[in-house]
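What follows is a short report on a single structure.
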Number of protein chains: 2
Amino acid sequence: MDEPKPLRPTSEATLRRLPIYHHLLQKRLATGIKTISCSQIAEELSCDATQIRKDLAVTGIKGRPKVGYDLAALILSIEIFLGWSRVRKAFLAGAGHLGSALLGYNRFHHYGLDIVAAFDRDPDRVGTKVHGREVLPINKLAGLAKRMRVEVGIITVPAPVAQEVADFMVSGGVRAIWNFAPTKINVPAGVIVQNEDLYSSLGVLLQKLSAAHRLR
Amino acid sequence: MDEPKPLRPTSEATLRRLPIYHHLLQKRLATGIKTISCSQIAEELSCDATQIRKDLAVTGIKGRPKVGYDLAALILSIEIFLGWSRVRKAFLAGAGHLGSALLGYNRFHHYGLDIVAAFDRDPDRVGTKVHGREVLPINKLAGLAKRMRVEVGIITVPAPVAQEVADFMVSGGVRAIWNFAPTKINVPAGVIVQNEDLYSSLGVLLQKLSAAHRLR
DNA sequence: GTAGAATCGAGAAATAATTCTCTACTAACA
DNA sequence: TGTTAGTAGAGAATTATTTCTCGATTCTAC
Ligand SMILES: NC(=O)c1ccc[n+]([C@@H]2O[C@H](COP(=O)([O-])OP(=O)(O)OC[C@H]3O[C@@H](n4cnc5c(N)ncnc54)[C@H](O)[C@@H]3O)[C@@H](O)[C@H]2O)c1
Ligand SMILES: NC(=O)c1ccc[n+]([C@@H]2O[C@H](COP(=O)([O-])OP(=O)(O)OC[C@H]3O[C@@H](n4cnc5c(N)ncnc54)[C@H](O)[C@@H]3O)[C@@H](O)[C@H]2O)c1
């Protein structure tokens, strides 16, 4: 099975939709059905069937006319494509409100991520356990990351110290950073940064609400 | 000051970038500078200056050649455009891990959102306080929302019950929903839904990491 | 004053993403 | 064994977004 060779990387829009399909497909799998078509998915998500077909195509799955896709095979195909089939170790920096919520979420290892430890600067937090994961002093992060070959870093510290924490991660050999602090972090080429900016999301929501108001 | 009349609504991409500019601008304001140009912002965020100029234009701000924009005026212009200048009341449903993190975040009221109460189904949680906000039984949500004219609903319940909770919010007159459950929720036309799907974000991160692996 | 440099703003061009169209295939059914 | 309807997949057309280009404006320095 030769993988599709993407001359251009898959568009971010497509990547963001694949997990949405994945979730729906898993719900359907539980009902016992064996196949699913793009039209059915499109109906359920109220979006365009052709778009779904193109999105799914990037994972390398093949469908059958009049039938659709084999449900289990499709789910697997998405998981392999997204890198969810191989679990990667992650360190989380900032065991505060948001960090604790992420640590308490026990589903990430189904989605390719295993948060193995948390780090904090606050001496009161260091040494405690948050949802079963030990909280270690932040100055241990780089060394341990290197030793344990941790690939992913999660930043849930306040924005002003996000860069400093990112630098620790990079020096520890982390190759991808999931950044929840609302600020840009600079990393060397080759390190992947995914920003999860809740304010962007809130901005979209409230602007649409305001715009709706203005129209009336 | 006549507002720019958007025949087409502002693109989601632009809306998502405005809060990022906003954050940078506030950092700059603290340093005491009075004006800022698109080139400076572009330099700092490593993106295109023309794009920033077009993004800022949707807010109605006017810049001056050779100078840039008045910093305070620009910040205000973004806030007004995004609807952050008027604070809206919000109810949060699901006072679990993620819900508590959001309740513990005391900055949202600077960004147009005031989470006034939380709701849960779990009798052990109902009656307690989470970060100063009372947790009320979920069956009170619709009635209270109507009475208090709550405009925004935040969903942090498990995916299988997200639709049911959304229905309560809609029947309570809520006009916009911030949905953290990884599932589609159906609402009548006119109600705005903003999905905050962490798995989409994670999918992008891990796929890029996998793709980088494959190249080497 | 005048020259020069930096920047905004508007429109054009290029690029990317989405949607449409058509063909070929598959299954169900008469 | 046709016949029909539903669907994947490929490519074209459309639409949206980003990037480029250029003229107009404003500040600074001489
Ligand atoms: N909680 C939310 O709902 C929410 C919403 C939007 C954005 N955010 C962002 O997420 C980040 C965390 O928010 P939070 O509410 O969890 O904050 P928090 O204050 O609860 O947690 C931050 C944690 O980081 C630790 N920390 C501080 N400096 C550190 C350092 N140099 N090294 C290691 N640890 C350090 C603190 O000790 C604390 O435990 C912030 O950047 C915030 O803007 C949070
Ligand atoms: N915690 C995370 O890091 C994280 C990450 C990604 C996605 N999410 C999503 O966020 C949502 C919440 O996650 P969580 O980790 O906070 O879960 P949680 O179990 O900690 O909290 C869920 C809360 O919802 C309450 N609840 C359940 N059914 C309810 C109902 N019908 N009405 C009102 N309240 C109800 C529960 O009592 C509980 O307090 C889930 O949809 C989850 O998929 C969470």
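Chain letters run A, B, ... following the sequence lines, proteins first, then strands; residues in each count from 1.
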In whole angstrom, what separates [X]'s [atom1] from [N]'s [atom2]?
{"X": "B/L56", "N": "D/dT18", "atom1": "CG", "atom2": "P", "answer": "14 Å"}
{"X": "A/D70", "N": "D/dA8", "atom1": "CG", "atom2": "P", "answer": "13 Å"}
{"X": "A/I61", "N": "D/dT7", "atom1": "CD1", "atom2": "C1'", "answer": "15 Å"}
{"X": "A/L18", "N": "C/dA17", "atom1": "CG", "atom2": "P", "answer": "14 Å"}
{"X": "B/D48", "N": "D/dT21", "atom1": "CG", "atom2": "P", "answer": "12 Å"}
{"X": "A/E12", "N": "C/dT18", "atom1": "CD", "atom2": "C1'", "answer": "17 Å"}
{"X": "B/R16", "N": "D/dT17", "atom1": "CZ", "atom2": "C1'", "answer": "16 Å"}
{"X": "A/Q51", "N": "C/dT21", "atom1": "CD", "atom2": "P", "answer": "17 Å"}

Exercise: identify the closest heavy-atom pair between B/L103 and B/H131: O-CB, 3.7 Å
Touch class at under 4.0 angstrom, heavy-atom based, for B/K54 against every strand present: base
Touch class at under 4.0 angstrom, heavy-atom based, for B/T14 against every strand present: nothing
Other residues, nucleotides, ligands: >12 heavy atoms within 6.0 Å of B/E43 CD: no
Indicate whether OP1 or OP2 belonging to [N] is found under 4.0 Å from a side-chain N or O atom of [X].
{"X": "B/S37", "N": "C/dT7", "value": "yes"}
{"X": "A/S11", "N": "C/dA16", "value": "no"}
{"X": "B/T50", "N": "D/dC20", "value": "no"}

Pair B/F108 and B/Y105, ring centroids less than 6.0 Å apart: yes
Donor/acceptor link under 3.5 angstrom from A/K66 side chain onto base of D/dA8: no
Nearest-neighbour nucleotide for the A/R53 side chain, C/dT7, D/dG9, C/dT26 considered: D/dG9
Nucleotide nearest B/S39 (side chain, heavy atoms from C-beta), chosen from D/dT7, C/dT7, D/dT18: C/dT7
Pairing of A/R86 and A/E79 as salt bridge, 4.0 angstrom limit: no
Side-chain donor/acceptor of B/N179 to backbone N/O of B/T183, under 3.5 Å: yes
